[in-house]
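Worksheet: the structure to be examined is printed underneath.
In listed order, ligands and their atoms are each counted from 1.
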Amino acid sequence: MRYYSTRNRAKYVTASETILKGLAPDGGLFVPAGKLKAYPGSNLPAGRYQEIAVEILTRFLGDFSPSEIEFAVSSAYSPDTFDHRAVAPLISLSEQIYVLELWHGPTSAFKDIALQILPHLLTIAAQKSGEDREIVILTATSGDTGKSALEGFRDVPGVKIFVYFPEKGVSEIQKLQMITQEGGNVNVIAVRGNFDDTQSGVKQIFNDRYMNSQLKEAGYRLTSANSINWGRLLPQIVYYFSAYRQLISQGAIKEGEKVNFVVPTGNFGNILAGYYAGRLGLPVNRFICAANRNNVLSDFINSGLYDKRRTLYNSHSPSMDILVSSNLERLLFELTGHDSERIKAWMNQLTEEGHYRVDRETLATLHKSFWSDYADDGETLQAIAGTYSEKKYLVDPHTAVGINVLDKYLKREKDPHLSVVLSTASPYKFTGSTIRALFKNSPFQDSSELELIKILARETEIPVPDNLAALENKPALHRQVINPADMPDHLRNTLLEDNS
Ligand SMILES: *Cc1c(COP(=O)(O)O)cnc(C)c1O
């Protein structure tokens with residue numbers, strides 16, 4: 001299968017170039033070129049998680065050999081990396097509602113599923129295209145991506161990774177996870193500023209031609225592990241099929257029966273992977289896009305108007321605090337039958353004026369597969385408390401947004417289909433909010449988040465993931481704090497010193 005940009009259908013690239021480049025040079029996103037062929041009838045991929053992964057990846061990675069794909073899959077999804085045999089186990093909350101736990105990887109967030117395999121895909125892709133320079137991954141993070149990328153890329157030969165996080169913009173646990181990161185090729189840097197300042201710093205580095213050519217001469221190639229990379233999206237298609245297989249083996253549905261997927265959404269990567277699974281023939285009734293108070297996506301899905309001219313709030317589900325959902329561009333490209341001219345016009349208008357409105361036909365196509373609403377902070381905490389008291393099942397605030405929005409959907413639509421809520425983080429990753437939801441009048445408000453982990457474990461008797469339990473004994477290895485304006489010089493000096 002070949003790929004092209006959402007903004008230019010004339011130029012084809014291979015799968016490995018797509019993964020190596022990340023973003024298309026014209027500013028668009030790479031997507032599979034031409035029509036996706038669905039699996040016929042009930043011939044959907046089956047077997048263990050790893051077998052489904054090999055099957056799906058083989059379809060999309062045309063220039064990878066079978067042994068390369070098998071190697072990447074078995075390294076990424078092994079008992080050493082995921083603490084559950086199923087990789088992404090499916091839990092029943094009721095006959096009609098299931099939860100897909102995507103957080104059994106090394107950092108307890110769903111981003112591990114993609115970021116455990118991306119380093120393998122990227123290094124194989126680099127070999128194929130004869131890239132002999134060292135790859136330098138730059139990542140600005142609001143929390144989960146940074147740690148997940150560090151774990152994925154630590155000690156990968158031929159790769160260095162730099163993670164920048166806003167000094168005061170991540171949770172205490174997320175910060176501890178990052179500053180205690182081990183590995184000979186990792187750099188973790190706190191930036192004085194917010195997430196936007198941090199991200200602008202990284203963009204400035206990518207756009208600095210002089211510096212890029214200097215680094216090129218010194219033997220480095222800069223790239224990003226951002227969620228717009230096709231290599232991050234592709235591995236996420238797998239768990240939709242795996243969830244469906246688990247529903248069948250648990251006797252919840254019959255082969256061919258349609259189900260809903262409820263996805264707590266930020267950058268639109270996770271839910272878009274589901275859409276591609278649907279295009280491959282997975283029987284899906286609806287994708288329910290669950291947003292938080294930053295409800296730019298639910299407004300868009302309901303009205304057809306995308307409008308980012310609004311305040312960005314800090315919510316209890318910080319990994320969804322976002323106003324520009326980059327991957328939506330890919331969905332619009334698919335919904336318009338690959339109309340790159342319309343996509344370019346909308347995206348330019350978004351950049352220049354902060355908004356765009358899609359035409360009525362596109363909106364009608366969108367509504368065939370998507371439904372959306374949002375949960376505010378109060379509703380999010382209520383969903384955590386309610387699910388725990390009714391089902392004895394503890395969810396993190398992102399998953400809670402999904403549970404609340406599903407509740408709204410079922411009340412309004414009276415849909416008889418079974419629903420699967422994607423659970424994107426362990427509740428122990430966002431202990432502050434979880435404890436606040438469970439214990440009114442915040443009796444533990446003076447405790448540190450590390451103490452809160454122990455309190456939550458004591459009160460709920462739910463086991464703490466090993467990586468989070470180990471945090472309190474790990475030394476801080478990364479203590480640098482820099483100004484956003486100094487990011488380019490800091491990177492250049494670190495790399496050129498290493499090299500001399
Ligand atoms: C990144 C993230 C999300 C949002 O996923 P998208 O693919 O950006 O829509 C939701 N929940 C958690 C815990 C995350 O880390």
Inset, instruction - Return the orientation label for the F333 and H338 ring planes: parallel under 30°, perpendicular over 60°, tilted otherwise. - result: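 F333 and H338: parallel rings.
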With no hydrogens and no angle check, do the side chains of [X] and [Y] hold a donor and an acceptor under 3.5 Å apart?
X: D83; Y: H104; value: yes
X: N292; Y: D376; value: no
X: N467; Y: Y428; value: no
X: S423; Y: T399; value: yes

Legend entry - Within the protein, residues bringing a heavy atom under 4.0 Å of ligand 1, chain by chain: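 Contacts of ligand 1 under 4.0 Å: F110, K111, D144, P264, T265, G266, N267, F268, G269, N270, S319, M320, H398, T424, A425.
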Inset, instruction - Taking the six-membered ring of Y388 (Phe, Tyr or Trp), confirm whether the NZ or CZ of K392 is under 6.0 Å from its centre and within 45° of its axis. - result: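 The answer is yes; both the distance and angle limits are met.
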